[in-house]
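Data block below; observations after.
These values consider heavy atoms only, across backbone and side chains, with no hydrogens, waters or symmetry-generated copies.
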Amino acid sequence: MPEGPYRVLDQYHSKPRKLRIACVGAGASGLCLAYKLEKMLTPGSWELVLYEKNPQFGGTWYENTYPGIACDIPAHDYNYTWDPKWDWPQFFAKGADIQGYFEGFAKRHGIEKYMKLNTKVIEGKWDETDGIWNITLENQKDKGVWKDWAHVFINGTGILNTWEWPKIDGIHDFKGSLMHSAAWNHGVDFEGKTVAVIGTGSTSVQIVPQLQKCCKNVKVFMRSPTWISPPFGAGALQTDMQKGAEVDAGQRQYTFSEEEMHKFRDDPEYHLNFRKRIEAEINSLFGMYKQGSELSDKFRDVITKEMHRRMGPGHDKLKEFIIPKWAPGCRRISPGDGYLEALVQDNVTPVYGGIKGISPKGVISDDGVEHEVDIIVCATGFKVAFQPAFRVINGEGKTVSEDWSNGPNLYMGVSAPRFPNYFTIVGPGATWSNGTLIPSIETTIEYSIQMIKKISTEGIKAVEVKQEALDELYAHFDEFHTATVWKEDCRSWFKDGKIKNRIYLWPGATIHFLKSIKRPRYEDYNYRYRYKNRFAFLGNGDVKGTSSGDVQMLSPYVRSSDHDWDVE
């Protein structure tokens, strides 16, 4: 804060201060941030850098290339809401098609200029005196370390961004090919091999049907049951394309014809309506997560019958194991084509229970049996990054890990008390199982940019959310979730990997979250200013249009009808 008495700033009202903005990650969140900054902030009032640890941008869709990778949200609902893609080849997009979409988006909007690829963020440390984040970075090519700084620090890495080997004794003693689903080795030949797949989550659900087609034998190690559901949001597809026709129980994927894609292209209103019906259907299903509700009971009945039908007669042990006792949705549901059908094939062997260890020859199950295999695939997902994968240190010298020692502490999934000018895009507490994710990413970014604009135009040095606001929000979470299926006895990353814990999921459907975060509740934040007077931003009595003499800028409230107006 300047020395001496307060003096009026010689500037027009709310003149933006130029801010440096740093974002970790150049996936869906980082690309959206760059686009929205250009739309929402005054040109020249900001700088942006997107730090990306990989040699290419795209995030999870660049990193994951395993066989069968696809999105479990319909493709026409998995693009930016304002940037539809009419030529998705299939109803559920393959990973390469989604990566292609994001690459095309970045090129169309010139976003690559903001990126620093092969750059891993090691640490962000807040300097309260200067009101900046000092950032430590590591070049992934030569491991050289360098420094940068920013006024605003954004974590755009998402929750599932750091894969890790499962904690199994002897895992690296295995003499065959060992790979993780998030680091697929495309040089390994699976044809005619005996393969172990560890895990029953959404990744395993997609990999197993592909391996079943080419491997001599696939042993699927199953520790936990899982719901395998019909696809969500398929009502529009069934109405418009399938016309209510019976579909193959094991093949819920749909390939659009050239004619259908051209109709999307040539009739934007029809395409928009098709997309809206998918999203509306998904938003309308939130009632299934309310414990004991009619919709929850209906889903349990429908999915149970469907799983039995897809496995066919017999296979009683598999059915007894794989169909959960807890309600659908306690863990994320997997709508997987061909998975159940693959499990009952002659060359697939389900192995139930835990794993004792891994030997040089294969996997040792809990019963002591050694299963000899040529290849082990760990479809065990990601380390759930409720805490960032890099160190974040506040002005008191405390890391996020230390501050969150009792669990995540994040308001609306975006702001952390005691960590100024720091925003997380769809972190714990946001919508990870309540519907589609892209709209939540977009709206959280718009929320963060509204906060950034306030910092820039109102002379704010630091803004941080109040702990008391978050305490009351979490109290609402806890009371709401006493009646949801997420509290049941399943282990899930919604509960920080535990069976019993606070549930870090938004208490409502995606559209409920969007309504809540559309505009910041500025009253829930603490502010520290750059000047002696919080009203210094009022300046010298001029507005932006004064110097230019622009008639429109100097008379925005004079109008011929009652519509919104604002003063620049």
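- Cation-pi geometry between R20 and W149 is satisfied (NZ or CZ under 6.0 Å from the ring centre, within 45° of the ring normal).
- In summary, the side chains of Q206 and Y66 do present a donor paired with an acceptor at a separation below 3.5 Å, with no hydrogens or angles considered.
- Remark: K36 is not positioned above the aromatic ring of W46, lacking an NZ or CZ atom under 6.0 angstrom from the ring centre and at most 45 degrees off the axis.
- Judged by a 6.0 Å distance limit and a 45° cone about the ring axis, R534 is not positioned over the six-membered ring of Y527.
- Residue K532 places its NZ atom among more than 12 non-hydrogen atoms of other residues, nucleotides or ligands, all under 6.0 Å distant.
- For K113 and E38, the salt-bridge test passes: some basic side-chain N is under 4.0 Å from an acidic carboxylate O.
- At a threshold of 4.0 Å, the pair K85-D97 does not count as salt-bridged, since none of the basic side-chain nitrogens sits closer than that to a carboxylate oxygen.
- Judged by distance alone, the side chains of D550 and Q552 never bring a donor and an acceptor atom under 3.5 Å apart.
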Ignoring hydrogens and angles, write down the donor-acceptor pairs under 3.5 Å from the side chains of residues 2-17, residues two or more places apart or on other chains.
residue: D10; atom: OD1; partner: N540; partner atom: ND2; Å: 2.9
residue: R17; atom: NH2; partner: I460; partner atom: O; Å: 3.1

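- A salt bridge links E47 with K18: at least one charged nitrogen is closer than 4.0 Å to a carboxylate oxygen.
- Between the side chains of S45 and S456, no donor N or O sits under 3.5 Å from an acceptor N or O.
- You'll find the side chain of L117 stays beyond 4.5 Å of the side chain of P55, heavy atoms only.
- Y101 and D83 share a side-chain donor-acceptor pair at under 3.5 Å.
- One finds a salt bridge joining E63 and K53 here, because a Lys/Arg side-chain nitrogen approaches an Asp/Glu carboxylate oxygen to under 4.0 Å.
- The ring-ring contact (aromatic ring centres under 6.0 Å, His included) with W506 is formed by just one residue from the set F286, F480, F513, W486; it is F513.
- In this structure, I393 and K398 have side chains that are not in contact, with every pair of non-hydrogen atoms separated by 4.5 Å or more.
- Under the 4.5 Å side-chain criterion, counting only non-hydrogen atoms from C-beta, F57 is not in contact with I111.
- With a 4.5 Å cut-off on side-chain heavy atoms, V465 and L410 do not count as touching.
- If you check the side chains of K290 and T484, you find no donor sitting under 3.5 Å from an acceptor.
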